[in-house]
Amino acid sequence: MEFKDPASYTDLSQGKIQHIDFHISVDFSSRTFDIKARYQLQEPMHGSLFLDSFKIELKEANTNGRKLEWEFDPEDEILGQRLHLKGFEGDSTFTLKFRTSPEARALQWLDESQTVGGKHPFLFSQCQAIHARSIFPCQDSPSVRFTYSAEVEVPQELVAAMAAEQIEVQEGKQTTFLFKMPQPIPSYLFALGVGNLAFRELGPRTGIYAEPQTIEAAAWEFAENETKIVEAEKLLGPYLWGRYDLLVLPPSFPYGGMENPRLTFLTPTAILGTRGQTSLISHELAHAWTGNLVTNATWQDFWLNEGWTTYAETRITEVLEGTDSKDLHLAFNEKELIKIMERVGMNSPQTCLKLPDEKDVDSFATSIPYYKGCFFLQECEYAVGRERFDDFIQKYMASFQFQSLTTEAFLDFLKAELPEVFEKVDVHKWIYEPGLIEERHKPKSYLFDEVQQTLRDYEKGVKPTKEQIQNWHRYQVLSFLQGLPKKISVEDCQYFDDILELKKRNDIAFFSFFYVICIASGYQEILPRVEQFMANIGRMLYVLPIVRAMIGTDWSRGYIHPLFERVRDRHHQITVKAIEGLLKKAEL
Ligand code: BES
Ligand code: ZN
């Protein structure tokens, strides 16, 4: 079968990029990179090579002392422009010189005021899913892996951190950081951050980068990372990437975390002062195996990355926090899954694990592949027992390491290794049919049940007291907010605001869940807090539900557009695009 990635112009019959040597000069004043990149191909090439690109200004293309002809196709709003390099005559290397656009989708350039320190600018990249092409022309499909080296020149006082091994730092008029990435990665895992960064060791293989003002708190929050790797290795096999560091980004980062190899990018809102966001790190760390080592071949197979990672995350949570905590997470996840499926429609193709062909993969992504994928893998585990499933996990990782695979290749492997799964689990239905199968093991959690009882009492008119909920687990509070009716009285909004002590907390998950209820309930006093949230927080998981709530409620609908215009410049282009998409759909 001919392989096709609908989100990329890559034509695998032409050959594959194997290695890239980058020289990147970072210019904060023009918000561009000047790049010289030498590409090495797997095999000598004849004729043409198609690459993905987005707003790249190409200046030169050479191969073995000859000039290469090139042509850009008309721009597709989502996919960018296909770059057609012509005239290969058995060459296996070529060099491009180009400049990125200030509108490069993968890059967010922040001015001083958007950092904690307030004195230096900051830059970070976010390539997943299809934004690497806005930094360098490439075969921007997760089915292609390459190694790389990079020399990154930045203003003297700043530090560059890459999802790669740091080899050397050369001081001069500019500072040049040398990196190498000896393990082959797909383009979406290329990552770079530049800012006034301090570094702290956490353990023998672990460390953290953050602005000097937050490094102390950050180092404390994630002090247990080394222990996590040890646990993850027991489940998934040896950690093959060398170091595992974190880079704490400014709050406009559109995700909670991004599993860039060797260097997870992290939202600063994960620093709660409680070490309470452990599952976020477990998730990003697990991606070092499920995603980075064994990678989805296309974004239609996204569940292979996120479903497997969510499964591994819950297993790590079980070891580190105990089964009560794990069961609570799972019960919360199940309810979330059902809520999201109801929002997109139980019969929507978006609820299938194997997603339909779609080029706009970012706006198509939901949490469904995370949770449904996790529940499917749990079902497989139940079918054969934990011991056999754990052997299977290790064999899966070892067999496909540094490879990208489709859902179908995964199912072939599952069938060969664990045929009984197919007798006990309706695999086809789980993968290819929409909705959620009724016959499955449902999560059971007494901590979750306690919250459900409180919610039932509330519906009968008995409100919980502050004392009753004071010692609740973080996920119990979230489950409570998740389970409240969509609309409650304004008095009750005030009451919950008070007993949950939301004004004192700094947990954006609580804020997001709560503000959504307040908006739908007509609690208009919440608006300044919503605006403050929208001006400061970029994590889409929590921002987009607020936008949806404002669009979906009569009183707030008129406020959302002007509010968005006021905060727009503070957001990453990925977030801006997502919000614009919601406004457009609502004809606002
Ligand atoms: N790899 C994802 C982030 C991502 C997904 C970026 C799709 C671009 C496209 C990352 O591992 C992730 O899932 N982050 C979650 C947190 C996680 C604990 C569920 C997030 O950012 O909310
Ligand atoms: Zn993930």
Side-chain angles (χ1 to χ4, degrees), residues 7 78 105-106 108 124-132 134 140 142 163 185-191 228 232 246-249 251-261 263-270 272 276-296 298-314 316-317 329-330 332-333 336-337 340 350 355 358-374 474-475 478 507-509 512-513 537-545 572-575 577-578:
I78 310 293
R105 272 200 189 133
Q108 192 182 9
F124 65 89
S125 67
Q126 167 58 42
C127 288
Q128 195 180 9
I130 56 167
H131 307 304
S134 70
D140 201 4
I185 56 144
S187 52
Y188 79 91
L189 294 177
F190 176 94
K228 282 220 154 86
L246 303 178
L247 169 60
V248 179
L249 294 171
S252 63
F253 183 51
Y255 297 97
M258 175 64 213
E259 66 272 24
N260 296 316
L263 185 66
T264 282
F265 283 21
L266 201 67
T267 171
T269 62
L272 296 174
Q277 277 271 17
T278 55
S279 61
L280 175 63
I281 303 291
S282 304
H283 180 96
E284 303 311 334
L285 173 64
H287 270 307
W289 290 264
T290 51
N292 300 2
L293 201 57
V294 180
T295 308
N296 51 208
T298 74
W299 300 113
Q300 278 59 58
D301 308 301
F302 189 49
W303 80 274
L304 283 180
N305 276 18
E306 298 299 345
W308 262 106
T309 298
T310 307
Y311 173 80
E313 171 201 323
T314 62
I316 296 169
T317 303
H329 280 245
L330 285 172
F332 172 86
N333 289 358
E336 253 341 75
L337 175 59
I340 304 166
Q350 261 178 303
L355 294 168
E358 166 66 48
K359 61 179 184 177
D360 192 0
V361 284
D362 269 345
S363 42
F364 204 64
T366 68
S367 299
I368 294 169
Y370 292 65
Y371 300 138
K372 187 175 175 183
C374 172
R474 176 167 180 264
Y475 265 81
L478 285 174
D507 193 319
I508 63 161
S512 176
F513 275 79
I537 307 297
R539 186 171 179 188
M540 289 195 288
L541 184 67
Y542 298 129
V543 169
L544 299 184
H572 195 285
Q573 295 184 65
I574 296 176
T575 319
K577 197 169 150 267

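In each ligand, atom 1 is the first atom listed, and ligand 1 is the first ligand listed.
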Subject >> Beyond-backbone contact of Gln108 with Ser252, side-chain heavy atoms, under 4.5 angstrom >> reply: yes
Subject >> Options Gln277, Glu306, Arg539, His131, ranked by nearest heavy atom to atom 2 (C) of ligand 1, top entry >> reply: Glu306
Subject >> Residue Leu280 vicinity, atoms of ligand 1 by number, heavy atom under 4.0 Å >> reply: 16 (C), 18 (C)
**OP:** Could you establish whether Gly257 and ligand 1 come within less than 4.0 Å of each other, counting only heavy atoms on the residue side?
**Re:** yes
**OP:** Would you mind listing which atoms of ligand 1 come within a distance below 4.0 Å of any non-hydrogen atom of Leu541?
**Re:** 22 (O)
**OP:** Among all protein heavy atoms, pick the one closest to atom 4 (C) of ligand 1 and tell me residue, atom and distance.
**Re:** Gln128 OE1, 3.2 Å
**OP:** Answer yes or no: is there a side-chain heavy-atom contact under 4.5 Å between Ile368 and Leu337?
**Re:** yes
Original post:
Do Asp301 and Thr298 come within less than 4.5 Å of each other through their side chains, counting heavy atoms only?
Top reply: yes
Original post:
Near the Zn ion (ligand 2), is there an N/O/S atom from Glu306 that is less than 2.8 Å away?
Top reply: yes
**OP:** Could you check atom 7 (C) of ligand 1 against the protein and tell me its nearest heavy-atom contact, residue, atom and distance included?
**Re:** Phe302 CZ, 3.6 Å
**OP:** Around atom 20 (C) of ligand 1, find the nearest protein heavy atom and jot down its residue, atom name and distance.
**Re:** Gly256 N, 3.4 Å
Original post:
If you take all heavy atoms of Gln350 and Phe364, which pair is closest and at what distance?
Top reply: NE2-O, 3.0 Å
Original post:
Parallel under 30°, tilted from 30 to 60°, perpendicular over 60°: which one fits the rings of Phe124 and Phe253?
Top reply: perpendicular
Original post:
Does Gln126 reach ligand 1 with a nitrogen or oxygen that is under 3.5 Å from one of the ligand's nitrogen or oxygen atoms?
Top reply: no
**OP:** Decide whether Asn296 and Tyr188 meet the rule of one side-chain donor and one side-chain acceptor closer than 3.5 Å.
**Re:** no
Subject >> Sub-4.5 Å side-chain heavy-atom contact between Asp362 and His131 >> reply: yes
Original post:
Could an N or O of ligand 1 be found under 3.5 Å from any N or O of Glu259, whether backbone or side chain?
Top reply: yes
**OP:** Tell me which protein heavy atom sits closest to atom 19 (C) of ligand 1, plus the residue, atom name and distance to 0.1 Å.
**Re:** Tyr370 CE2, 3.7 Å
Subject >> Geometric N/O contact His287 with ligand 1, under 3.5 angstrom >> reply: yes
Original post:
Taking C-beta and beyond as the side chain, do His572 and Met540 meet within less than 4.5 Å on heavy atoms?
Top reply: no
